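In what follows, a single structure is set out as structure tokens and then discussed.
Chain letters run A, B, ... following the sequence lines, proteins first and then strands; every chain starts at 1. None of the values given here were measured: they were computed from a predicted structure.
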2 protein chains.
Amino acid sequence: MSGIRLGRVQWRIMQVLWEKGRVNAREITDALNRIEPIAHSTVQTLLRKLENKGAIDHDIDERTFIFYPLVEVENVTRSALKDFVDKIFEGSPAGLVSYLIKNEYIPPEELENIRKLINKREK
Amino acid sequence: MSGIRLGRVQWRIMQVLWEKGRVNAREITDALNRIEPIAHSTVQTLLRKLENKGAIDHDIDERTFIFYPLVEVENVTRSALKDFVDKIFEGSPAGLVSYLIKNEYIPPEELENIRKLINKREK
DNA sequence: AAAGTAAATTTACTATAGTAATATAATTTG
DNA sequence: CAAATTATATTACTATAGTAAATTTACTTT
């Protein structure tokens, strides 16, 4: 497959890293717990797994690990998108977009924005 | 989470079932092998797992199992889409569509079709 | 110095996806 | 009728995601 694959919770962790840049494990746990409960040791396990697969690395400040991303959100998004579109929309992003519009996933007020994006692309 | 979750290969198998309606394991293996190599016993394992999770069932004709889908492609697509959009686009399908258009995932000739779909939705 | 606190490390377990060889049973064919 | 074919069933293994308790280690505070 494409590049790095992340599970749901791993993605949440990466989002914190991408947003904040450099954080320790505790801050990540706290951030995630604002959304849904998760044990600190779980976060640490996933941080180790993320590090093993090369998605992140850490420095050491005093005795705490400061984690930071090694992969860019653009790249990981791109490969996740590719996997998804390949799996479900036969590799056609346009098929996905059509599906979303036809099946009313896009609220009317967003349709106008999307039309503008198309105009920008076409000009 | 939403409904039934399928892996990549499980999805391929379901696509065969959705397309053909009722088929035996051998036909599925043959169909998949037109795309990429897979052992027949692997297909059978996955068919059993799909049956365990309630995605398919089978009748018996002589001594061969005839498999057929129990879940509809619309439902499974919907839940896969929800998981994906929740994970990566903060639950916003419009965010996904904008991303695809901005990042040139949609070839120019498709843009016109999409514009038409928007018009249809807006009228 | 002892006790508490907070960090990383170790260990362990469940669940799912994918992989497939091997075994068994029944039918078809030479 | 023996042999080949073809079905299903059994068994087993790897990899990954997620879950988290328990342990060790080091610093802080009383």
Open item on the list: With side chain to side chain contact (heavy atoms under 4.5 Å, CB included) as the criterion, how do A:Leu81 and B:Ile88 come out once you've worked through the C-alpha distance, each side chain's angles and the decisive distance to 0.1 Å?
Closed with: CA-CA 9 Å; A:Leu81 200 43; B:Ile88 298 183; over 6 Å; no

- [ ] Evaluate side chain to side chain contact (heavy atoms under 4.5 Å, CB included) for A:Met14 paired with A:Val71, printing each intermediate quantity in order.
- [x] CA-CA 9 Å; A:Met14 290 305 296; A:Val71 293; 3.8 Å; yes

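For the salt bridge (Lys or Arg N to Asp or Glu O under 4.0 Å) test, residues two or more places apart in sequence or in another chain that qualify with A:Glu112 are A:Arg115.
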Side-chain donor-acceptor contacts of residues 98-111 of chain A below 3.5 Å, not counting sequence neighbours, with atom names and distances?
{"residue": "A:Ser98", "atom": "OG", "partner": "A:Ala94", "partner atom": "O", "Å": "2.9"}
{"residue": "A:Asn103", "atom": "ND2", "partner": "A:Tyr99", "partner atom": "O", "Å": "2.8"}

For residues 23-33 of chain B, which side-chain donor-acceptor pairs fall under 3.5 Å, sequence neighbours excluded?
{"residue": "B:Asn24", "atom": "OD1", "partner": "B:Arg26", "partner atom": "N", "Å": "3.1"}
{"residue": "B:Asn24", "atom": "OD1", "partner": "B:Glu27", "partner atom": "N", "Å": "2.9"}
{"residue": "B:Asn24", "atom": "ND2", "partner": "B:Glu27", "partner atom": "OE2", "Å": "3.4"}
{"residue": "B:Glu27", "atom": "OE2", "partner": "B:Asn24", "partner atom": "N", "Å": "3.3"}
{"residue": "B:Thr29", "atom": "OG1", "partner": "B:Ala25", "partner atom": "O", "Å": "3.2"}
{"residue": "B:Thr29", "atom": "OG1", "partner": "B:His40", "partner atom": "ND1", "Å": "2.6"}
{"residue": "B:Asn33", "atom": "OD1", "partner": "B:Ile38", "partner atom": "N", "Å": "2.8"}
{"residue": "B:Asn33", "atom": "ND2", "partner": "B:Thr29", "partner atom": "O", "Å": "3.1"}
{"residue": "B:Asn33", "atom": "ND2", "partner": "B:Ile38", "partner atom": "O", "Å": "3.0"}

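Of the candidates A:Leu6, A:Ile56, A:Leu50, A:Ile13 forms a side-chain contact (heavy atoms from CB on, under 4.5 Å) with just one, namely A:Leu50.
Chain B approaches DNA chain C within less than 4.0 angstrom (heavy atoms of the protein), and the contacting nucleotides run 5' to 3' from C:dA17 to C:dT27.
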Could you write out each protein N or O paired with an N or O of nucleotides 8-10 of chain D at a distance under 3.5 Å?
{"residue": "D:dT8", "atom": "OP1", "partner": "B:Phe65", "partner atom": "N", "Å": "2.9"}
{"residue": "D:dT8", "atom": "OP2", "partner": "B:Gln44", "partner atom": "NE2", "Å": "2.9"}

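A side chain to side chain donor-acceptor pair (under 3.5 Å) check over residues 12-23 of chain A, counting only residues at least two apart or in different chains, returns the pairs A:Arg12-A:Gln15, A:Arg22-A:Asp59.
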